[in-house]
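Residue numbers begin at 1 in each chain, while the letters A, B, ... track the order of the sequences.
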2 protein chains.
Amino acid sequence: MKAGPDISIVGALIGDPARANMLTALAGGVAMTATELATEAGVTQQTASSHLAKLLDGGLLALRKQGRHRYFQLANEQTAAMIEGIMGLAHHAGHRRTQPGPKEPALREARVCYDHLAGERGVALFDSLIRRNALSAAADGLALTPAGEQFMCDFGVDVEAARKSRRPLCLACLDWSSRRNHLAGALGAALLQTIQDKGWARREKGTRIVRFSPPGARAFDKLVGERI
Amino acid sequence: MKAGPDISIVGALIGDPARANMLTALAGGVAMTATELATEAGVTQQTASSHLAKLLDGGLLALRKQGRHRYFQLANEQTAAMIEGIMGLAHHAGHRRTQPGPKEPALREARVCYDHLAGERGVALFDSLIRRNALSAAADGLALTPAGEQFMCDFGVDVEAARKSRRPLCLACLDWSSRRNHLAGALGAALLQTIQDKGWARREKGTRIVRFSPPGARAFDKLVGERI
DNA sequence: ACGATGCTTCGACGTTAATCGAAGCGTCGG
DNA sequence: CCGACGCTTCGATTAACGTCGAAGCATCGT
């Protein structure tokens, strides 16, 4: 008998297909109502309600009441990172939910993970920041260098506002499609927001896909492509 | 219906208590026979055999046949990192398998994660390497700097041998007890090996605990405590 | 105040899967 | 070659849980 936390409880929560669908849907970071999650998971409302209660009790979800709606979202960024991690294993083991359709390439190219950019473009952006020495390793993972602060300022990211948030500023999150790192944390969220504000890309409604416009993609490629 | 890998299969695998026990036991990186894992999980051999077949099929375990024994171990480091991640969630959510006994403090202080050092000492070592500028952020997470290479050489780690391995040299792995990073990858494994070779610590048989001797603990504290 | 909407609780049904006894198959030691 | 050991497969039992219909409770709009 081993000591330590009991992973079977969390595993069993993720193990049910309906709950897994809900978690995957919420991995985009959006908050959804119970009814939305029910249709997302393909079950009735009362079944969904039971599942959501269990996910809440297990600490995987957080609840925000608003009027007669109950908005569910992932409890924290760590939960999102763990789900991406399991996706990496499942993807590698060949357990796909859907046969490779037109959606998956778009998901691999650019998607939202909790609240930051993931997928190939997310990884490319991360690599670019490393090459610029905008990020350096710190005790808790990553830190923004002065050069990085300058870059963010030039790009239009409000670093100070991001720093004020209670979340860690920079975190590395493992990508399930590329198996490489992309930038999470408050700064990652702010970067994605800026990219959307610039009109380079926008979130596709109801999915995790981040769709780049042709000029936006060109600008993005130029940004991450140019060496310093 | 969401696209992407199906989380629920992996989740269901972890969701069974017997299988979770096996995975937790294997998180130390050691390979165990089917019978050992059966007693570890508290089930009979034939039940264990069924579970192990499922874990193999799910890609979470790797199998090494040796004579009439079948040695099971975690499929790769990514799997170990995911298990540590789930442990972090489970620990935070308060799902303990055992009431806090004498074992858990030792696990929190120093334990082996796959094949490298985790726990408070693992985190302290990681922090120390960052302070020395021995590690810096790279495209795929972490890189060893020239200063770091010198440090490793002084400490007695064969960096070249570690670099020859097919695994990534440096990886950051999230600690479930401290929720901070510690060093994984080939270099992390080599560091733990060197610490054991120096006689500073040794693995406690049958557990994940890494037990430091009093002089070893003093030397370790001095090493990670001194600022550069 | 009334109905409509969003969600939860209760109860019953059905399916899944974990479990173990017994038997079967390969491997090692003598 | 034979028994001991390690492990797997088969079959049957049992327990757990996901599922939905119906009813109940709260909240919003009018």
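Here the C1' atom of nucleotide C:dG6 and the CG atom of A:L63 are 13 Å apart, to the nearest Å. Nucleotide D:dC17 holds its P atom 11 Å from the CD1 atom of A:I9, rounded to whole Å. In this entry the distance linking CG of B:D57 with P of C:dA17 reads 13 Å, nearest Å. Separating the NZ atom of A:K65 from the P atom of D:dC25 is a distance of 16 Å, rounded to the nearest angstrom. Atom CG in B:L55 sits roughly 12 Å away from atom P in D:dT8 (whole-Å rounding). Rounded to whole Å, the distance from CE on B:M22 to P on C:dA18 is 11 Å. Going from atom CD1 of A:I14 over to atom P of D:dG18 covers 14 Å, rounded to whole Å. What separates CG of B:N21 from C1' of C:dA18 is a distance of 14 Å, to the nearest Å.
If you check distances only, the side chain of A:Q45 never reaches the base of C:dG6 with a donor-acceptor pair under 3.5 Å.
Between B:K54 and B:D16, no side-chain nitrogen of the basic residue sits less than 4.0 Å from a carboxylate oxygen of the acidic one, so the salt-bridge criterion is not met.
Between D:dC5 and B:H69, no contact under 4.0 Å exists linking OP1 or OP2 to a side-chain N or O. A close approach under 4.0 Å does not occur between any side-chain nitrogen or oxygen of B:T44 and OP1 or OP2 of C:dT19. Considering only side-chain N and O atoms, B:R70 lies nowhere under 4.0 angstrom from the phosphate OP1 or OP2 of C:dG26.
Annotation: of the two residues near DNA chain D, A:G67 and A:T47, the 5′-most nearest-nucleotide partner is A:T47.
The shortest non-hydrogen separation linking A:L142 to A:L171 is CD1-C, 3.9 Å.
Nearest nucleotide to the B:H51 side chain, out of C:dA18, C:dT8, C:dC20: C:dA18. Comparing C:dT5, C:dC20, D:dA4 by their nearest atom to the side chain of A:R68 picks out C:dT5. Distances from the side chain of B:D16 to the nucleotides C:dC20, D:dT8, C:dA18 place C:dA18 closest. Checked against D:dT19, C:dT8, C:dT19, the side chain of B:S50 finds its nearest nucleotide in C:dT19. Looking at the side chain of A:S49, the nearest of the listed nucleotides D:dT8, D:dT19, C:dT8 is C:dT8.
Contact of the B:L52 side chain with the B:L61 side chain is registered, since non-hydrogen atoms from C-beta on lie closer than 4.5 Å. Residues B:R167 and B:D115 are in side-chain contact: their nearest non-hydrogen atoms beyond the backbone lie under 4.5 Å apart. Side-chain contact between B:W176 and B:R111 is present, with at least one heavy-atom pair separated by less than 4.5 Å.
Among the atoms of the strands shown, none is found under 4.0 Å from any heavy atom of A:A53. Contacts of A:K54 with the nucleic acid, taken as non-hydrogen atoms under 4.0 Å apart, involve only primed sugar atoms and P, OP1 or OP2.
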